[in-house]
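Before any comments, here is the structure.
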Amino acid sequence: MPTRRRTTRRPTARRTGTAPRRRAPYRPWPGSRGGGWARRRGRKSDGQVLVFGAVVLAVAAVWSMVSWLLAHWWVLIVLAAAGAIAGAGWVHRYQQQRAWDRVRQQALRYGLPELDVLHHRDFEYAIRDLMRRDGCTDARQIGGAGDNGADVLATDPLGRAWVIQVKHRKDGDRGSPVGTPDLQRVNGTARQLYGADIVLVVTNGRFSTRCAPLAGQLHMHLADRRTLAAWASGGRPLWELLPKIPPPRKSR
């Protein structure tokens, strides 16, 4: 005898006579991820529009100016003439200033009392100016932290490279003498780092008795207070006052 298949029914909601509620459509809250992305996209579009508008305005302004200049070509001639006159005036003033600088440098003189009262940094600049007076137009002061023993660099009119270490003494030759460590310091770097042809130590004081023999061995030059006085107060260049100055390099 066939058996009747039982079916189970899910319980149904009881009808109350009212229509079922519909779920409200999804709307992102202000400040939520979806809304922020939309606002950022809108701001980006607005920025692109502003940039495009600015470019269009700039191109239009340039085009208007070019068109106006082409229609009034005589303005270009006036501007060119004014520029040429201004440039010529600047060149004339520059050349005149250079000429006056050369005159002042050639007339530069120092007495030992003037050099003794200088600050050690000002003394370095004075040595630089004396080298310029003698024709070393590229002379420059480099003394300071990390100078590797060099205070003044210069190239003389014969092409020889000078590396100068400057030692100032407030009491002149009554102060402490310059010693051999100062010579060794500048000798260790002058030729290797700066390609020096002439290595010089100059002071308004004096050198210790051991400096002269060491300078001869190291092929260095010393300018003490007496040599400095003759150089600073006269018109002779330093290389005419120092003995055994090497000739210029053949490659120069």
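Note that the structure is a prediction, hence the values are computed from the model and not measured.
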Distance-only, no hydrogens or angles: does the [X] side chain make a donor-acceptor pair with backbone N or O of [Y] under 3.5 Å?
| X | Y | answer |
| --- | --- | --- |
| R169 | G175 | no |
| R132 | C136 | no |
| D138 | A154 | no |

Residue pair [X] / [Y], side-chain heavy-atom distance below 4.5 Å:
| X | Y | value |
| --- | --- | --- |
| C211 | L222 | yes |
| Y125 | L118 | no |
| V166 | T203 | no |

Does atom CH2 (W68) have a neighbourhood of more than 12 heavy atoms from anything else shown, all under 6.0 Å?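 Count over threshold, so yes.
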Please assess D197 against W162 for the test side-chain hydrogen bond (donor to acceptor under 3.5 Å, both in side chains), listing each intermediate value before the final yes or no. CA-CA 6 Å; D197 297 315; W162 290 65; over 6 Å; no
Those residues that, when tested against W63, pass side-chain contact (heavy atoms from CB on, under 4.5 Å) (two or more places apart):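 S67.
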Please name the pair of heavy atoms, one in Q141 and one in E124, separated by the smallest distance, quoted to 0.1 Å.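 Nearest pair, atom of Q141 first, then E124: NE2-OE1, 2.7 Å.
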In the hydrophobic clustering that connects Ile, Leu, Val, Met, Phe, Trp and Tyr at side-chain heavy-atom distances below 4.5 Å, which members other than L70 occupy its cluster, ordered by chain and number?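 V62, V66, which link up through side-chain heavy atoms under 4.5 Å apart, make up the rest of the cluster.
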Pairs where residues 213-234 contributes a residue and the test side chain to side chain donor-acceptor pair (under 3.5 Å) is met, not counting sequence neighbours: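 Side chain to side chain donor-acceptor pair (under 3.5 Å) check on residues 213-234 returns D116-R225, D134-W231, D224-T227.
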